[in-house]
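All chains are named by letter (A, B, ...) in the order of the sequence lines, taking the proteins before the strands, and each is independently numbered beginning at 1. What you are looking at is a predicted structure, and each value in this text was computed from that prediction instead of being measured.
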Protein chains: 2
Amino acid sequence: MARSDTRYREAYNRILTYCETLPPKAPIPSETRLAEIAGVSRTVIRRCLTRLEELGLISWQGRDKHLLRQPRAEDRIAVPEAAADPSDLEQRFLDWVLRFDVPANTPLSVAELSRTFEVPQYDLKEFLAGLSRFGLVSRRPQGGWMLLGFTKDFAIELSDFRSVLEQNAVSQVVEAPVDHPVWAGLAQLRADHLALKQAIDRDFHEFSKLDERFHQTINSVVRNRFIAEFQKVISLIFHYHYMWDKTEEKHRNAAAIDEHLAIIDALEARDAEAARDAALRHLRTSKTTLLSSLRHHDLG
Amino acid sequence: MARSDTRYREAYNRILTYCETLPPKAPIPSETRLAEIAGVSRTVIRRCLTRLEELGLISWQGRDKHLLRQPRAEDRIAVPEAAADPSDLEQRFLDWVLRFDVPANTPLSVAELSRTFEVPQYDLKEFLAGLSRFGLVSRRPQGGWMLLGFTKDFAIELSDFRSVLEQNAVSQVVEAPVDHPVWAGLAQLRADHLALKQAIDRDFHEFSKLDERFHQTINSVVRNRFIAEFQKVISLIFHYHYMWDKTEEKHRNAAAIDEHLAIIDALEARDAEAARDAALRHLRTSKTTLLSSLRHHDLG
DNA sequence: TTTATGTACTAAATAATTAAATGCAAGACA
DNA sequence: TGTCTTGCATTTAATTATTTAGTACATAAA
């Protein structure tokens, strides 16, 4: 019942690797130096040295440390399997919510989620605390957490907020210098949109990816930590719902392609007002799509 | 080493209060009913009932429960001092950061913060995890947390983000129906601004409060959980820095009053474009002020 | 004087533990 | 017979205790 000693184990192996580079009988550097090499504190280094001495790899008396023999493969210490990295927990969590269409006001059990995602409970708690800032989850008075999201109100507010951010992004694109990578990106996007428009009867479901790329390109111009954080969540949610609402998908995607092209036209003409108008039209369509996809889920 | 039984203790006292309303020898409702009354689970209610029986307050056999005597003051159970409520932890934390001018890239010790704010470490971790979503703090590789905020970049990005949100708010105010409370608020603000303008030589430091109220009023029109969450943080940061930058405070505040009045004029004339222009001018001034206050802190 | 180690203390991560919640089955009562 | 209630068992969550790791200072060696 205490923290794991992974840090020590990893440091130990790193020190072994370092020792392999030393000539036989070489003196071992100071604790401080080793701490720098392994990127840990002296406390950990001393544990490593103790073990090295016990295994007869080094002699250690006072400040006199010498390598006794070359490290072998079996000297290495086992490092516990790195748990599924919690870095993309957000992606996987939202994926789970959206894929299984978890309804609003579902109580979330940390214990259960911890099993599902194979992530320690405390990582999850930290993660949920973060999401609560976005109003996606909240604490329940009896303890535990509750999924709030994906009500109609949520969708409306999310769409509105997205509109605000994207209107701003569009304004910034117009101001971007000619050598900004966004222009190359938009040129490519125009070509890809036109290509898909030709093959829309067959490849209409390819649009979802293109849509995501389109919005990402436009937003890439905005360098803002606050906005960037939100964009990740927003794009994921829209991406999924867009994919799932199958009603008139082909027709809807064809229309969206034209809306995108209108935005690209206005941007390349550096016409701020026209671009904002075109973007607004497109975002309104998106909002409607998101809302209708929610409605279908509710009914079905 | 386990969770506290505060919940049980509070529930017990609540049940006592309920019993006081009952006539002598009255039957006690079912466990489920009591659970509803006290807002806890049946498990807690059973602990309460056990104690009530032990103290001879009730008889309890099977599902037959009767009140034996009226509860007295000394029957109440002691509830551990409610720790300083963690709800306004955010306020107090930001207050601390800003008041002591904690520099960027300061390591934050959960243990120390826990003592400072008299909040369990547990709560703090959750809180910091939330703040990390706003890019105010981040995890350190060696463990622990680190305060990121209040560099120049941070201030710029925060200001820009604020501009985006407020431009949007201003656009919404113009569209607000005539009976919306914002119009009364603005009328009052106009009067207060004019009054302060008269007495600016003496009361110029009163402006900070007025500024906060002004921005709050405008943003109150926007009903959006995402934006609301940010506004709290943003307004606090600007509020403090505004108060502290003493350079030319009087002149600066006088100018800001005029900028506010210009915005109010445009809003009341329902002139969206003029309002956005006026807001933009004011937000640019604010940004400059925030940046210059940072510069002074760096030099001092 | 400088640098390394010894020692002591502080802090963070996390498993263990108890409080609380919940689900299910059987019994009581109408 | 059906509904409400309680008894029992299991699961979950909050919080502490404990171990690992980091850090500061004293002391000793070079």
Side-chain angles (χ1 to χ4, degrees), chain A residues 1-12 27-36 38-50 60-65 80 83 86 107-115 119-126 128 139-146, chain B residues 1-12 27-36 38-50 60-65 80 83 86 107-115 119-126 128 139-146:
Chain A
M1 58 157 145
R3 64 192 291 184
S4 65
D5 56 358
T6 313
R7 208 166 161 72
Y8 151 65
R9 287 162 184 274
E10 283 175 357
Y12 182 82
I28 308 282
S30 77
E31 292 174 5
T32 320
R33 184 82 196 82
L34 290 173
E36 276 169 27
V40 294
S41 74
R42 266 181 59 215
T43 310
V44 177
I45 291 299
R46 300 174 121 241
R47 263 187 88 181
C48 294
L49 289 173
T50 307
W60 185 18
Q61 252 165 59
R63 64 181 55 182
D64 184 71
K65 300 185 292 290
L108 297 174
S109 145
V110 173
E112 196 183 323
L113 292 175
S114 158
R115 282 191 295 269
V119 160
Q121 295 201 4
Y122 44 80
D123 278 352
L124 255 165
K125 283 212 284 219
E126 228 173 78
L128 291 174
R139 275 190 152 294
R140 292 193 308 159
Q142 316 93 322
W145 301 84
M146 144 108 89
Chain B
M1 56 156 146
R3 61 193 294 185
S4 65
D5 57 358
T6 313
R7 209 168 161 71
Y8 151 64
R9 286 162 184 274
E10 283 174 356
Y12 182 80
I28 309 282
S30 74
E31 292 175 5
T32 321
R33 184 79 196 84
L34 290 172
E36 275 169 27
V40 294
S41 73
R42 270 181 55 216
T43 311
V44 177
I45 290 299
R46 302 176 118 238
R47 265 186 86 181
C48 295
L49 288 173
T50 307
W60 185 18
Q61 253 169 60
R63 64 181 53 181
D64 184 71
K65 304 186 290 288
L108 297 174
S109 144
V110 173
E112 197 183 321
L113 293 175
S114 157
R115 282 191 294 269
V119 160
Q121 296 198 5
Y122 195 85
D123 285 349
L124 258 164
K125 271 167 83 165
E126 234 171 55
L128 290 173
R139 278 191 148 291
R140 292 194 307 162
Q142 315 93 322
W145 300 84
M146 147 106 93

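- The CZ-C1' distance, from B:Arg42 to C:dC24, rounds to 11 Å in whole Å.
- A:Lys125 comes within 4.0 angstrom of a nucleotide base, judged by non-hydrogen atoms across all strands.
- Axis angle, first five pairs versus last five pairs of the helix from C:dT1-D:dA30 to C:dA30-D:dT1: 0°, rounded to 10°.
- B:Arg115 comes within 4.0 angstrom of the backbone, heavy atoms only, and of no base.
- Between A:Ser30 and the phosphate of C:dT3, there is no side-chain N or O to OP1/OP2 separation shorter than 4.0 Å.
- Taking atom CE of B:Met146 as the reference point, atom P of C:dA12 lies 13 Å away to the nearest angstrom.
- When the P atom of C:dA21 is taken as reference, atom CG of B:Asp5 falls 12 Å away, rounded to whole Å.
- For the pair A:Leu124 CG and C:dA13 P, the computed distance is 16 Å after rounding to whole Å.
- Nearest heavy-atom pair, A:Ile45 versus A:Ala38, reported as atom, atom and distance to 0.1 Å: CD1-CB, 4.1 Å.
- Side-chain N/O atoms of B:Arg3 and base N/O atoms of D:dT15 include no donor-acceptor pair closer than 3.5 Å.
- Between A:Glu36 and A:Arg33 there is a salt bridge, with a side-chain nitrogen of the basic residue lying less than 4.0 Å from a carboxylate oxygen of the acidic one.
- Among the atoms of the strands shown, none is found under 4.0 Å from any heavy atom of B:Leu34.
- Contact check for B:Arg7 versus A:Gln142: side-chain heavy atoms found under the 4.5 Å cut-off.
- For B:Val110 and B:Ser41, each mapped to the nucleotide of DNA chain C holding its nearest heavy atom, the one lying further toward the 5' end belongs to B:Val110.
- Of the two residues near DNA chain C, B:Arg140 and B:Val40, the one whose nearest nucleotide lies more 5' is B:Arg140.
- Between B:Ser4 and C:dT18 there is no side-chain N or O to OP1 or OP2 distance below 4.0 Å.
- How far CZ of B:Arg42 is from SG of B:Cys48: 13.5 Å, rounded to the nearest 0.5 Å.
- An OP1 or OP2 oxygen of D:dA14 is reached within less than 4.0 angstrom by a side-chain nitrogen or oxygen of A:Arg139.
- At a threshold of 4.0 angstrom between heavy atoms, the contacts of B:Arg7 are confined to the sugar-phosphate backbone, with no base atom among them.
- Note that CD of A:Gln121 and CD of A:Glu126 are 13.5 Å apart. Values are rounded to the nearest 0.5 Å.
- Atoms OH and NZ, from B:Tyr122 and A:Lys125 in turn, are 2.5 Å apart once rounded to the nearest 0.5 Å.
- In this structure, the nucleotide among C:dG6, C:dA4, D:dT15 sitting nearest to the side chain of A:Glu31 is C:dG6.
- Among the protein residues, A:Tyr122 comes within range of the sugar-phosphate backbone only, with heavy atoms under 4.0 Å from sugar or phosphate atoms but none that close to a base.
- For B:Gln121 and D:dT18, the CD to P distance is 15 Å, given to the nearest whole Å.
- Side-chain atoms of A:Leu108 and A:Leu124, non-hydrogen and from C-beta on, never get closer than 4.5 Å to each other.
- Nearest nucleotide to the side chain of A:Arg63, out of C:dT7, D:dT6, D:dA28: D:dA28.
- Computed from coordinates, the B:Arg46 CZ to D:dG7 P distance equals 5 Å when rounded to whole Å.
- For A:Lys65 and C:dA4, the shortest distance from a side-chain N or O to OP1 or OP2 is not below 4.0 Å.
- B:Thr43 places none of its side-chain heavy atoms less than 4.5 Å from the side chain of B:Tyr8.
- Note on A:Arg47: a side-chain N or O is less than 4.0 Å away from OP1 or OP2 of D:dA21.
- If you check every strand for non-hydrogen atoms under 4.0 Å, B:Thr43 touches a base.
- Counting to the nearest Å, the C1' atom of C:dG23 and the CD atom of A:Glu112 are 14 Å from each other.
- Across all strands shown, A:Ser109 has heavy atoms under 4.0 Å from sugar-phosphate atoms exclusively, and none from any base.
- Closest to the A:Trp60 side chain, of the nucleotides C:dA21, D:dA21, C:dG6, is C:dG6.
- Note that A:Arg139 lies in the cation-pi zone of A:Trp145, set by a 6.0 Å cut-off to the ring centre and a 45° limit from the axis.
- Atom-to-atom, CG of B:Leu113 to C1' of C:dT10 comes out at 14 Å; the value is rounded to the nearest Å.
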